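To keep things clear, I will list the structure first and then write my remarks on it.
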Amino acid sequence: MKHYVVTGGAGFIGSNLIRTLLQLNAGIKITCIDNFDTFYPAEIKQLNIRDFKTNPNFQFLELDISTTSPEKLSGYIVEPVDAIIHIAAKAGVRPSTLNPMAYQQVNVVGTQNLLDFAQKKNINQFVFASSSSVYGVNDHYPWKEDEQLMPISPYASTKQAGEMLGHVYHKLYGIRFIALRFFTVYGPAQRPDLAIHKFIKAIVAGDPITMYGDGSTSRDYTFVDDIVQGIIAATDYKETGYEIINLGNNYSISLNDLIKAIEDITGKKAIIQQMPEQAGDVRKTFADISKAKRLLHYNPKMQLREGLQKFYDWFLENKSILSNI
Ligand SMILES: NC(=O)c1ccc[n+]([C@@H]2O[C@H](COP(=O)([O-])OP(=O)(O)OC[C@H]3O[C@@H](n4cnc5c(N)ncnc54)[C@H](O)[C@@H]3O)[C@@H](O)[C@H]2O)c1
């Protein structure tokens, strides 16, 4: 039986990954580490893990990765581990400008703790959730992995640091390290601070939405199932020892078009309050995914409208919980 340690498994992407892994293969055991970070309510994270938390192949450790030493972690996880899929982080660009030290602590110190744990426990496969935000204000679109990185938020700089730490541990200890740069992920269980979730919640309630800028900023939206396929392929990848790979959709959609699509799906008109663009936010993200196709056979399939509909269905199904918190 394979044994994976997944950090951040009660969050949006992590819970979708664990559900898929457990459904796909009865021969996979998951140890999930999450501390129910207060960035958004624990009730939502409990909802995320509700359908698999009693699965016998699933074990949950409520631990903080930034304060749990590798030695302590070895005490909790005694069985051999085939791979670490490190997804836990303080996420969010704008909040990182308000509390940069907390982002350093979790995203950099936490990653270092897990790499030390991997080294001490002879775990040779490490998959890291990085972010498109590391490209920052680089305007050579679509972004390829070897583009110059020009981050403009504390969050983005912590992700770049994580990629570099991985290089160090690969060179020093031979750990295979695969950093995946996710591009704006959406789908069921999306975080409540992200635009699609925020907009749908407000539009359904008849509340105004805040649009930063004139709506011409754009994002390469990537459906969570496509991201999950990429993470699983990276966990199985054995060809080389250190890689950085974009996981996007290769299609950049403007905020105006996103809002129009949401209006169509909800059948309601958005009440838009326009505000200036926010410090730390980049104007456009756009992924070149040829490397992911080549190395991971990554092939994103979801079209925006269908993916938005899937989020909307999830939102309506859980509306009583989501609207009250
Ligand atoms: N969602 C996106 O669009 C997106 C884009 C690029 C990169 N990413 C990265 O993907 C990963 C997952 O993002 P998400 O949207 O699922 O976020 P999320 O906040 O839903 O999930 C992160 C999880 O990590 C946990 N966590 C936070 N601090 C922790 C700590 N100190 N110890 C243990 N667990 C801790 C949280 O409780 C949460 O459950 C993050 O690393 C994020 O930076 C996400």
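Keep in mind it's a predicted model, so treat the numbers as computed, not measured. Both counts, for ligands and for their atoms, begin at 1 and track the order of listing. Keep in mind that the numbers below use all heavy atoms, side chains included, and drop hydrogens, waters and symmetry copies.
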As a test of understanding, state which of I289, N249, L247 forms a side-chain contact (heavy atoms from CB on, under 4.5 Å) with T222. N249
Contacts of E263 that satisfy side chain to side chain contact (heavy atoms under 4.5 Å, CB included) - sequence neighbours left out: I259, K260, K269, A270
Verdict with supporting geometry, Y141 and W143, ring-ring contact (aromatic ring centres under 6.0 Å, His included): CA-CA 5 Å; Y141 300 111; W143 288 328; 5.3 Å; yes
Pairs where residues 252-302 contributes a residue and the test ring pair (Phe, Tyr, Trp, His ring centres under 6.0 Å) is met, not counting sequence neighbours: none
Geometric class of the Y186/F223 ring pair [parallel <30°, tilted 30-60°, perpendicular >60°]: perpendicular
Distance filter under 4.0 Å, heavy atoms only, around ligand 1 gives G8, A10, G11, F12, I13, D34, N35, F36, D37, Y40, K45, L63, D64, I65, I87, A88, A89, V106, A129, S130, S131, Y155, K159, F182, T184, V185, R191, L194
Pairs in or reaching into residues 11-48: which pass ring pair (Phe, Tyr, Trp, His ring centres under 6.0 Å), with residues at least two apart or in two chains? F36-F60
